Amino acid sequence: MAHYTPPLRDMQFVLHELLNVTDALKQLPPHAEIDVDTMNAVLEEGGKFASEVIAPLNQIGDAEGCSLNRDTHEVTTPSGFKAAYDKFVEGGWPSLGCDAAYGGQGLPVTLNQCLYEMLNSANQAWTMYPGLTRGAYECLHAHGTPEQRQTYLPKLTSGEWTGTMCLTEAHCGTDLGLLRTKAIPSESDGQADGSFLITGNKIFISAGEHDLAANIVHLVLARLPDAPAGSKGISLFVVPKFLVNADGSLGARNAITCGALEHKMGIHGNATCQMNLDGARGWLVGEPNKGLNAMFVMMNAARLGVGMQSLGLTEVAYQNAVAYAKQRLQSRALSGAKAPEQPADPIIVHPDVRRMLLSARAYAEGGRALAVFTAMLIDQELSSTNETVKADAADLVALLTPIVKAFLTDNAWLSTSHCLQVFGGHGYVREWGMEQFVRDARINMIYEGTNTIQSLDLLGRKVLLDKGKKLKKLIELVQQLIEAEGGDAAMLEFINPLADLGEKLTKLTTELGLKAFSNPDEVGAAAVDYLRVVGHLVFAYFWTRMARVALDHQADEDPFYRTKLATARFYFSFLLPETAALIRSARAGVKLLMAVDEAQF
């Protein structure tokens with residue numbers, strides 16, 4: 001059975017030594033009193049919940065899955081899931097980063113992100129239930145009416161109710177402009193409460209029905225009768241599973257039900273539902289026909305959340321592969337026996353095993369730095385009183401969101417596969433838990449916008465559409481680091497490749513912009529490779545900063561810093577060189593991709 005130990009030491013390193021998060025947060029009025037001890041205490045307790053309560057349920061949830069009663073349309077989650085959720089609510093964990101005005105603790109997004117990394121390592125399928133609730137909370141907090149916020153936010157904050165987002169339909173996934181779900185004013189049904197009657201079918205709705213909470217708050221995209229065609233004619237509605245009475249108590253069952261559960265490759269413990277709406281009563285959120293604007297609050301939160309899912313899986317897969325590699329005896333080291341008292345050496349002595357382990361480690365620790373940095377930017381965007389700080393943070397969050405989603409999920413797929421490989425044949429059987437990590441990781445590259453969609457968003461919208469304004473802010477951070485550290489000979493092994501990649505990315509961006517001006521399909525041909533190049537630039541930036549901290553502590557004789565420095569060197573020598581091939585293929589262009597007649601495929 002797989003095990004999990006919260007990586008508190010590395011989290012504390014990123015928070016307090018690399019990014020000095022508390023200093024940044026103290027500049028924000030809501031977090032002026034935050035301190036290191038508080039953050040560490042919260043993370044320690046959160047880690048205990050993750051490792052002791054939900055991690056033991058991970059393989060159980062995978063084996064049992066969820067079950068649907070077709071007569072009542074009720075879904076039962078795997079054994080132990082509801083009891084664990086009750087403990088989660090009792091511990092106040094859902095309210096951690098929520099607004100105090102609605103019963104929240106008002107702690108930083110940064111802290112909440114670290115909590116969710118640990119929860120995802122322990123049990124991604126379980127964590128999706130509260131994770132989606134957080135997105136629904138943020139959407140209603142930003143776009144709900146005062147009445148909607150008072151009705152739903154306290155219950156979502158406490159965890160008494162959970163939330164979902166209902167976007168996808170069978171005939172349309174990413175292209176939401178094709179959706180057909182209809183919403184008509186309820187006056188046509190004799191109601192005068194400002195509600196709408198919503199009819200349609202949604203698929204792939206994670207946590208759409210379950211037995212964990214008393215009510216489920218669905219955020220549903222639908223079309224009004226006079227809506228224009230395409231994405232400009234989509235509105236957003238809040239559709240509760242149970243209608244809410246004026247006094248806040250639960251009323252009648254609403255006409256939104258689960259018609260079927262998807263039988264999936266992974267995340268079996270989470271109910272992925274086909275939801276049927278048959279005149280379900282819902283209330284407009286935001287302006288008519290502007291539903292995508294409101295829903296993007298939840299979608300962007302979900303994209304960052306998916307990145308955290310993959311970061312969590314990368315970490316837990318690495319931990320288990322390391323433990324196995326240290327105790328599994330197989331063959332002798334090519335340079336001679338390393339454990340002569342044993343019949344064979346532990347496989348961790350073999351260079352290629354170490355390559356796979358270090359790849360996962362480098363991607364986990366680089367991903368953690370990026371995730372915490374992005375969360376800190378979100379805190380600044382939400383709470384800074386300095387308009388320049390807010391604007392710069394917002395631009396960087398917009399730029400980094402597709403990278404967090406796509407680069408971290410791609411890396412998790414590679415890392416969990418490497419870690420399974422460390423186990424050899426044992427990795428392919430269920431009892432060790434490794435094949436579950438691989439299966440669970442695969443969905444993260446698909447949902448909340450496939451990684452190709454994220455790449456198109458990055459290159460097409462976040463870079464070319466605004467003429468590189470957001471990218472320039474990232475390049476400026478890189479340049480500041482290069483100027484600060486370029487005079488230190490001990491840092492040149494990191495600074496030189498970072499500077500080289502920054503220059504190559506700038507040149508590549510210009511080339512692609514010129515090509516796209518003549519043929520927009522050039523963006524589609526280059527986007528996926530381009531995102532990985534930018535992802536590596538971001539990781540190289542953070543690994544350079546981590547190396548700086550580690551070098552500063554060389555005299556401490558602390559193995560943590562020696563290992564951090566060695567991992568930085570591994571990243572620059574073994575993983576960053578991927579960018580050379582990516583830049584070459586990004587330049588190859590669209591012509592060859594379109595040269596084969598589609599009839600010949």
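As the structure is a prediction and not an experimental result, all values here were calculated from the model.
- Aromatic ring centroids of F204 and Y447 lie 6.0 Å or more apart.
- The line from CG of D457 to NZ of K405 is 11.5 Å long, rounded to the nearest 0.5 Å.
- Side-chain contact check for Y541 versus L477: some heavy-atom pair is nearer than 4.5 Å.
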*Going through the distances and angles, do M39 and V42 end up as a side chain to side chain contact (heavy atoms under 4.5 Å, CB included)?*
CA-CA 5 Å; M39 296 190 80; V42 171; 6.0 Å; no
*For N293 and H143, run side chain to side chain donor-acceptor pair (under 3.5 Å): C-alpha distance rounded to whole Å, both residues' side-chain angles, the deciding distance at 0.1 Å, then the answer.*
CA-CA 9 Å; N293 293 338; H143 293 283; over 6 Å; no
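- Nearest heavy atom pair, residue A50 against residue M118, reads CB-O, 3.6 Å.
- Between atom CE of residue M491 and atom OG1 of residue T544 there is a gap of 5.5 Å, rounded to the nearest 0.5 Å.
- Using modelled atom types, one finds no donor on one side chain facing an acceptor on the other under 3.5 Å when comparing Q309 with D440.
- Look at K564 and E365 and you find a salt bridge, because one of the NZ, NE, NH1 or NH2 atoms lies within 4.0 Å of a carboxylate O, short of that distance.
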For a quick test of your reading: what N or O donor-acceptor pairs under 3.5 Å do the side chains of residues 392-403 make, sequence neighbours left out?
{"unit_1": "D392", "atom_1": "OD1", "unit_2": "K473", "atom_2": "NZ", "d": "2.7"}
{"unit_1": "D395", "atom_1": "OD2", "unit_2": "K473", "atom_2": "NZ", "d": "2.6"}
{"unit_1": "T401", "atom_1": "OG1", "unit_2": "V397", "atom_2": "O", "d": "2.7"}

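- Between K515 and G589, the closest heavy-atom pair is NZ-CA, 3.8 Å.
- Note: F572 CZ to T567 OG1 = 12.5 Å, rounded to the nearest 0.5 Å.
- Atom CG of residue L311 and atom CG of residue N120 lie 8.5 Å apart, to the nearest 0.5 angstrom.
- Identified under the ring-ring contact (aromatic ring centres under 6.0 Å, His included) test for residues 373-398, with sequence neighbours left out: F373-F542.
- By the 4.5 Å heavy-atom criterion applied to side chains, L498 and V478 are counted as neighbours.
- Across all their heavy atoms, Y571 and A362 have their closest contact at CB-CB, 4.3 Å.
- Atom CZ of R461 has 12 or fewer neighbouring heavy atoms from other residues, nucleotides or ligands inside a 6.0 Å radius.
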*Starting from the C-alpha separation in whole Å, work towards a yes-or-no answer on salt bridge (Lys or Arg N to Asp or Glu O under 4.0 Å) for E169 and K202.*
CA-CA 5 Å; E169 300 178 8; K202 301 289 184 177; 3.0 Å; yes
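- Taking both residues in full, the closest heavy atoms of D35 and T38 are given as OD1-N, 2.7 Å, listed atom of the first, atom of the second, then distance.
- Side-chain contact between H536 and F407 is present, with heavy atoms from C-beta onward closer than 4.5 Å.
- Going from atom CD1 of I203 over to atom NE2 of H171 covers 9.5 Å, rounded to the nearest 0.5 Å.
- If you check the side chains of T272 and K264, you find a donor sitting under 3.5 Å from an acceptor.
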*Take R532 and N451, measure what side chain to side chain donor-acceptor pair (under 3.5 Å) needs, and give me the verdict at the end.*
CA-CA 10 Å; R532 279 201 70 79; N451 285 2; over 6 Å; no
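- With ring centers used as reference points, Y102 lies under 6.0 Å from H141.
- Between E138 and R134, at least one side-chain nitrogen of the basic residue sits less than 4.0 Å from a carboxylate oxygen of the acidic one, meeting the salt-bridge criterion.
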*Evaluate side chain to side chain contact (heavy atoms under 4.5 Å, CB included) for T409 paired with V306, printing each intermediate quantity in order.*
CA-CA 8 Å; T409 59; V306 171; 3.7 Å; yes
*Given side chain to side chain donor-acceptor pair (under 3.5 Å), test E17 with Y561 step by step and report yes or no.*
CA-CA 11 Å; E17 299 180 68; Y561 297 108; 2.5 Å; yes
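- Both cation-pi conditions hold for R9 and F560: the charged atom is under 6.0 angstrom from the six-membered ring centre and inside a 45 degree cone around its axis.
- Using a distance-only test at 3.5 Å, with no hydrogens or angles considered, a donor-acceptor pair links the side chain of R303 to the main chain of E448.
- In terms of modelled atom types and a separation under 3.5 Å, the side chain of R439 and the main chain of I267 share no donor-acceptor contact.
- Ion pairing between R587 and D529 fails under the 4.0 Å rule for side-chain N and carboxylate O.
- Under the 4.5 Å side-chain criterion, counting only non-hydrogen atoms from C-beta, L459 is in contact with L464.
- In this structure, the side chains of L140 and V285 come closer than 4.5 Å at one or more pairs of heavy atoms.
- Here CG of L458 is found 10.5 Å from NZ of K470. Values are rounded to the nearest 0.5 Å.
- In this structure, T579 contributes its side chain and L576 its backbone to a donor-acceptor pair below 3.5 Å.
- A donor-acceptor contact shorter than 3.5 Å links the side chain of N270 to the backbone of A207.
- Annotation for K469: atom NZ does not count as buried by contact number, only 12 or fewer foreign heavy atoms lying within 6.0 Å.
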*Go through L304 and I378 one step at a time and tell me if the side chain to side chain contact (heavy atoms under 4.5 Å, CB included) criterion holds.*
CA-CA 11 Å; L304 294 171; I378 293 172; 3.4 Å; yes
*asked:* As a quick check of understanding, evaluate side chain to side chain donor-acceptor pair (under 3.5 Å) for Q480 and E476, giving each step before the final call.
replied: CA-CA 6 Å; Q480 289 167 11; E476 286 173 353; 5.3 Å; no
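- In this structure, the side chain of R545 engages the main chain of L18 through a donor-acceptor pair within 3.5 Å.
- Residues K390 and S383 share a closest heavy-atom pair of NZ-N, 4.4 Å.
- Under a 3.5 Å cut-off, the side chain of Q12 and the backbone N or O of V36 do not form any donor-acceptor pair.
- Side chains of L471 and K462 form no contact here, defined as non-hydrogen atoms less than 4.5 Å apart.
- The side chain to side chain contact (heavy atoms under 4.5 Å, CB included) test with Q113 is passed by exactly one of R368, M376, M308: M308.
- Residues P94 and T162 form no side-chain contact, since every pair of their non-hydrogen atoms from C-beta on lies 4.5 Å or further apart.
- S585 places a side-chain N or O within donor-acceptor distance of the main-chain N or O of L582, the cut-off being under 3.5 Å.
- Residues L107 and N112 are not in side-chain contact: their nearest non-hydrogen atoms beyond the backbone lie 4.5 Å or more apart.
- The closest side-chain donor-acceptor pair between Y530 and T509 falls under 3.5 angstrom.
- Of all heavy-atom pairs spanning S359 and L575, the tightest one is OG-CD2, 3.7 Å.
- Counting only distance, with no hydrogens or angles, the side chain of E511 and the backbone of L508 share no donor-acceptor pair below 3.5 Å.
- Between the side chain of D379 and the main chain of P108, no donor-acceptor pair closer than 3.5 Å is present.
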*asked:* side chain to side chain contact (heavy atoms under 4.5 Å, CB included) for V533 and K504? Distances and angles first, verdict last.
replied: CA-CA 10 Å; V533 174; K504 289 177 177 176; over 6 Å; no
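- Counted by atom type alone, Q105 and S95 present one or more donor-acceptor pairs between their side chains at under 3.5 Å.
- Outside the 6.0 Å centre-distance limit, the rings of Y152 and Y137 are not counted as a close aromatic pair.
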